[in-house]
Amino acid sequence: MIRSRALLAAATLAVVAAGLCACGKSSDNTNQEMKAPKPSASAAPSGPPTAERRETIFLDATAQHLCSVQSQVYTDPAAMASAYATRPIYTDLTTAQVDEFQQRVISDPAFADRLTQRIQATCGQAK
């Protein structure tokens, strides 16, 4: 439970930072290149995604982004912070929808828990 709360706190800080979390590893002073996260699958061509699908897109893309950044080795703290702050690709979501979801991570504990669970499932259980 403590680990889950720590992960939730990290995700919340990430959203507040208008990008996403801040943690990583460092070993030397070479520049690091950020790999783009995989975009979420598109909604059916029959129309815009449902509310449930929009949530799934947000949760999946956020978790993939955090896991991708966390898996990189950053020797420059500014590069690491920039990587976490980079907004992932939220296929089929508007900027306003993403902003609303980021606010929900802060204000809705159940939604924040869902993000925490998605991060854990996507990244695998931490060491």
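Along the sequence shown, the residues carry numbers beginning at 1.
Taking CD from Gln102 and CZ from Arg104, the interatomic distance works out to 12.5 Å, rounded to the nearest 0.5 Å. To the nearest 0.5 Å, atom CG of residue Leu59 and atom CD of residue Gln117 are 10.0 Å apart. Interatomic distance, Asp108 CG to Leu115 CG, rounded to the nearest 0.5 Å: 11.5 Å. Atoms CG and CD, from Leu93 and Glu100 in turn, are 10.5 Å apart once rounded to the nearest 0.5 Å. In this structure, CG in Asp92 is found 7.5 Å from CZ in Arg53, a value given to the nearest 0.5 Å.
Partners of Arg114 by side-chain hydrogen bond (donor to acceptor under 3.5 Å, both in side chains), not counting sequence neighbours, listed by chain and number: Glu55. In this structure Ser107 satisfies the side-chain contact (heavy atoms from CB on, under 4.5 Å) test together with Gln103, sequence neighbours excluded. Thr122 pairs by the side-chain contact (heavy atoms from CB on, under 4.5 Å) definition with Ala63, Gln64, Cys67, Arg118, not counting sequence neighbours.
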Could you go step by step and tell me if His65 and Ile89 meet the side-chain contact (heavy atoms from CB on, under 4.5 Å) rule?
-> CA-CA 9 Å; His65 173 70; Ile89 299 167; over 6 Å; no
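Closest heavy-atom contact between Val105 and Ala112: O-CB, 3.3 Å. Listed here is the closest heavy atom pair of Ala83 and Tyr74: CB-OH, 3.3 Å.
Using a 3.5 Å distance cut-off with no hydrogens or angles, the side chains of Tyr90 and Thr95 do not pair a donor with an acceptor.
The aromatic rings of Phe111 and Phe101 lie parallel to each other, with less than 30° between the two planes, well short of the 60° mark.
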